[in-house]
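No experiment lies behind these values; they were computed from the predicted model shown.
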Protein chains: 2
Amino acid sequence: MLVSQAIPNLGSVQVYPGFLLSLQGSFLPFSFPPVSSVTLKQLAQQLGLASSTVSRALRNGADISAETKRRVQAMAAELHYQPHAYASGLRNQLSHTIGVVVPEVNDRFFSLAIDGIEEVARQNGYHMLICLTHDSYDLEAQVTRQLTRGRVDGVLISLAGETQGPAHFEQLSSRGVPLVFFDRVSDALGTATVTTNDFDAAYQATEHLLSSGCRRVAYLLMSGKLSIGNQRQRGYEAALGAHGLSLDPDLLLESSGSNDENTAAIKTLLQRRPDIDGLFASTGRLALSAYQACQELGRVIPQDIKVIGFSNLEIASLLAPPLSTVTQPAYEIGREAARLLFSAIIEKKPLLATQSMELPAELIVRGSTMGSPVVSKTAPAQQLATP
Amino acid sequence: MLVSQAIPNLGSVQVYPGFLLSLQGSFLPFSFPPVSSVTLKQLAQQLGLASSTVSRALRNGADISAETKRRVQAMAAELHYQPHAYASGLRNQLSHTIGVVVPEVNDRFFSLAIDGIEEVARQNGYHMLICLTHDSYDLEAQVTRQLTRGRVDGVLISLAGETQGPAHFEQLSSRGVPLVFFDRVSDALGTATVTTNDFDAAYQATEHLLSSGCRRVAYLLMSGKLSIGNQRQRGYEAALGAHGLSLDPDLLLESSGSNDENTAAIKTLLQRRPDIDGLFASTGRLALSAYQACQELGRVIPQDIKVIGFSNLEIASLLAPPLSTVTQPAYEIGREAARLLFSAIIEKKPLLATQSMELPAELIVRGSTMGSPVVSKTAPAQQLATP
DNA sequence: TTGAAAGCGTTACCAG
DNA sequence: CTGGTAACGCTTTCAA
């Protein structure tokens with residue numbers, strides 16, 4: 001149902017005079033070509049000083065008289081002087097920018113991690129160039145190549161799902177651009193990584209399902225190419241083994257399409273194997289697809305089937321039923337990865353694999369894994385809204 | 001419950017040889033100080049040509065023999081030559097970067113908008129510098145000042161909640177940096193904006209609550225300083241008027257604290273005014289706080305009280321009950337704002353207020369506003385999980 | 001078709 | 001304490 005224009009639209013698109021604008025007592029015309037902003041040289045001319053002197057005065061350098069400093073800074077403020085970022089960057093070989101390469105930003109884990117990164121970047125006076133790979137190897141390689149040569153002083157990366165090899169990162173790293181992998185890491189490059197205890201966390205999650213009575217636990221994963229996925233899968237397998245269960249390859253569902261495709265794949269799996277009584281999703285996206293699939297098939301959570309998944313969804317508790325999660329400290333992961341990166345940028349020392357960190361995930365038990373399993377495959381569809 | 005280290009950690013922190021790395025047939029040492037990446041001049045020397053020639057050959061300029069072009073490009077590829085972004089940027093007065101200034105990234109609306117912006121930026125060969133204001137006027141002003149002078153060729157902005165005046169943007173705009181506001185716009189600057197039909201959408205949402213039987217509809221808003229908030233509030237008021245109801249200022253809740261603070265404020269409101277039978281949240285965050293508050297007070301949605309809110313939450317349908325929403329086309333808003341910006345960047349023409357766009361929001365009715373209201377204030381707490 | 005030189009805006013170095 | 005000069009890496013005249 002699209003909101004129509006039935007109600008009078010009270011002119012949200014307005015026309016402004018747009019000639020002169022008076023704000024804070026200054027009158028600046030809206031003109032093109034640009035009112036070329038003032039340069040250091042112009043500022044110096046205006047003051048009757050050499051640009052080198054002005055430069056030092058502005059950065060409070062030594063060997064400048066207090067009086068000159070005062071004059072220079074006053075004039076700079078008056079003319080709204082701002083140093084040209086690229087010029088000083090070129091001169092100093094410093095961009096004051098870090099690159100952040102992530103599969104996507106519309107995902108709680110990544111957006112929280114970016115928040116953590118931003119905190120540290122801001123503390124250090126740095127900007128973030130954010131590059132999205134959309135889980136494509138080609139885009140990742142392309143983006144990474146563009147990050148060479150002066151655009152950034154360091155890079156934080158979480159690998160694309162279909163990453164085949166970190167060759168493009170090697171180029172960065174070999175040129176002295178420090179690199180920190182976080183969450184979706186590569187084990188082929190000798191640099192620092194920040195990860196979660198994926199193996200342990202997956203083990204605990206699976207163990208939780210098994211000890212809640214599940215016998216047939218399926219594992220939903222995004223892509224088998226990443227070491228992170230493998231760690232989680234290994235934790236899953238180890239927990240099965242500890243309960244005397246052997247791995248059933250038929251219970252492994254690898255899907256990395258759209259949400260709808262994932263939901264469809266899960267439905268197919270659940271129909272082919274009606275004995276499945278537990279789902280462990282290795283990503284939050286898959287956990288929600290699992291919910292959707294169960295809802296559409298009329299499988300009641302947690303009575304018919306229990307669900308747990310890695311997720312950073314704040315509102316897991318408002319879902320029907322509340323979703324049990326393995327929650328990664330996404331903000332802290334971003335923050336620590338950034339701290340490692342800045343330690344390398346500032347000290348101009350390379351990052352070592354030995355500086356890698358592992359932060360613990362938290363297992364939060366909620367409604368979706370509660371109660372003992374009742375094998376009643378004919379439960380009615382979940383009806384939560386009151387029609 | 002923190003996952004412990006009870007299970008043997010299978011060495012997720014590893015030590016790599018780290019001396020030489022052989023990939024794709026090239027051997028590059030991991031060394032610091034950096035293997036200074038190859039410059040145009042070095043490339044030219046290597047080829048026995050002048051750097052100007054090489055420059056033209058690389059950019060396929062005219063007046064270069066096919067043979068020279070071939071040689072140059074072959075050598076460039078072999079040495080992994082990449083032009084220095086800041087050097088060419090300085091020379092051409094182009095950064096090939098746009099600034100994106102948003103309150104936060106961990107929010108569906110903004111992360112979707114960023115996806116839309118990124119699509120257009122990538123098509124144009126541009127990067128995104130993302131700056132977070134955390135809804136702080138000071139941060140916004142600071143960040144904006146840093147965006148002047150060559151760092152970006154244009155800026156997309158959604159204002160901070162506590163924005164007091166767009167003086168800092170005027171500086172950008174007056175220097176010829178094109179500017180597009182999206183969603184949270186300012187009406188004080190004569191540039192293009194991309195918004196939703198906030199008035200209409202809010203009218204429809206309120207109207208929906210009223211025609212579903214609600215008599216006391218409270219309005220939850222983040223901040224009264226933004227024109228966007230006012231538009232929504234005006235839509236709310238207009239709908240009340242159309243139903244012969246007058247505005248009760250006691251039913252306006254302005255809160256912009258943490259989620260917990262918002263929840264607490266809503267609880268207080270609901271306790272003070274038990275006659276409230278409808279909640280209209282002007283942001284997704286407030287809608288979720290409303291859910292939380294109702295859950296904690298044992299008010300059953302939609303029987304005791306109906307809830308609707310602006311939201312881009314994909315999983316609104318998985319909430320208990322599914323949340324009725326007014327959903328903005330966030331991706332499209334970002335995309336259109338970026339398109340406007342690039343039209344200005346490419347044609348080097350200023351943006352006019354007359355180019356502003358308004359995209360329609362969609363009203364999606366789900367469980368939280370269904371059924372006729374039953375005034376039963378003593379309903380038990382919502383219990384959805386089976387313990 | 002190619003080369004030399006100037007310059008984008010800044011900062012570092014060395015004289016004075 | 002201040003000023004000139006060179007240089008960061010590239011592109012763009014203008015000359016050869």
Side-chain angles (χ1 to χ4, degrees), chain A residues 33-34 36-73 75-76 79-97 146 148-153 175-176, chain B residues 33-34 36-73 75-76 79-97 146 148-153 175-176:
Chain A
S36 72
S37 44
V38 58
T39 70
L40 188 70
K41 204 193 279 181
Q42 295 169 332
L43 189 58
Q45 248 163 356
Q46 196 77 208
L47 287 155
L49 288 171
S51 42
S52 51
T53 309
V54 176
S55 175
R56 264 166 297 163
L58 283 174
R59 30 193 43 253
N60 241 314
D63 293 347
I64 295 284
S65 76
E67 168 60 9
T68 307
K69 273 186 194 168
R70 201 196 47 67
R71 274 185 62 221
V72 169
Q73 296 183 354
M75 178 71 84
L79 300 185
H80 296 299
Y81 169 77
Q82 288 288 132
H84 190 290
Y86 278 26
S88 47
L90 178 60
R91 181 61 235 235
N92 300 329
Q93 301 288 34
L94 265 187
S95 63
H96 285 283
T97 303
Q146 293 169 344
T148 39
R149 307 289 330 272
R151 202 178 266 289
V152 295
D153 299 340
R175 287 179 184 186
Chain B
S36 71
S37 45
V38 59
T39 70
L40 189 69
K41 203 195 281 182
Q42 294 169 334
L43 188 58
Q45 248 165 356
Q46 197 74 209
L47 287 157
L49 289 171
S51 44
S52 52
T53 310
V54 176
S55 174
R56 265 166 295 166
L58 284 175
R59 33 190 42 254
N60 241 315
D63 292 347
I64 295 285
S65 76
E67 168 60 10
T68 307
K69 272 187 194 168
R70 201 196 48 68
R71 274 184 62 218
V72 168
Q73 297 185 352
M75 178 70 85
L79 300 185
H80 297 297
Y81 170 77
Q82 289 287 135
H84 190 290
Y86 278 26
S88 45
L90 179 58
R91 180 63 230 238
N92 301 329
Q93 301 288 32
L94 264 187
S95 63
H96 284 283
T97 303
Q146 293 168 345
T148 38
R149 304 290 331 272
R151 201 177 266 289
V152 294
D153 300 339
R175 286 178 186 188

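Atom-to-atom distance recorded for B:Gln82:CD and A:Gln146:CD is 8.0 Å, nearest 0.5 angstrom. To the nearest 0.5 Å, atoms CD (B:Gln93) and NE2 (A:His84) are separated by 5.0 Å. In this structure, CG in A:Leu40 is found 9.0 Å from CZ in B:Arg149, a value given to the nearest 0.5 Å. Rounding to the nearest 0.5 angstrom, the gap separating the CG atom in B:Leu49 from the OG atom in B:Ser55 is 12.0 Å.
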Fill in: Evaluation steps, side-chain contact (heavy atoms from CB on, under 4.5 Å), between A:Leu58 and A:Leu43
CA-CA 11 Å; A:Leu58 283 174; A:Leu43 189 58; 4.2 Å; yes

Worksheet item: What do the steps show when you test B:Ser37 against A:Arg175 for side-chain hydrogen bond (donor to acceptor under 3.5 Å, both in side chains), and what is the final call?
Response: CA-CA 6 Å; B:Ser37 45; A:Arg175 287 179 184 186; 4.7 Å; no

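Here the side chain of B:Asp153 pairs no donor or acceptor atom with the backbone of B:Leu94 at under 3.5 angstrom.
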Could you list the protein-to-nucleotides 12-16 of chain D atom pairs, N/O on both sides, closer than 3.5 Å?
from	atom 1	to	atom 2	distance (Å)
D:dT12	O4'	B:Arg91	NH2	3.3

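Running 5' to 3' along DNA chain C, contacts with non-hydrogen atoms of chain B at under 4.0 Å begin and end at C:dT1 to C:dT10.
Applying the salt bridge (Lys or Arg N to Asp or Glu O under 4.0 Å) test to A:Arg70 and every residue at least two apart in sequence or in another chain returns A:Glu67.
Rounding to whole angstrom units, CG of residue B:Leu40 and P of D:dC8 are separated by 13 Å. Per the geometry, NE2 belonging to B:His96 stands 14 Å off P belonging to D:dC10, to the nearest Å. As a whole-Å value, the separation of B:Leu90 CG from D:dA7 P is 17 Å.
Where B:Lys69 and A:Ser88 meet DNA chain C, the nucleotide closest to each residue was compared, and B:Lys69 sits on the side nearer the 5' end. Residue whose closest nucleotide on DNA chain C sits further toward the 5' end, between B:Gln93 and B:Ile64: B:Ile64.
The side chain of B:Tyr81 places an N or O atom within less than 4.0 Å of a non-bridging phosphate oxygen (OP1 or OP2) of D:dC10.
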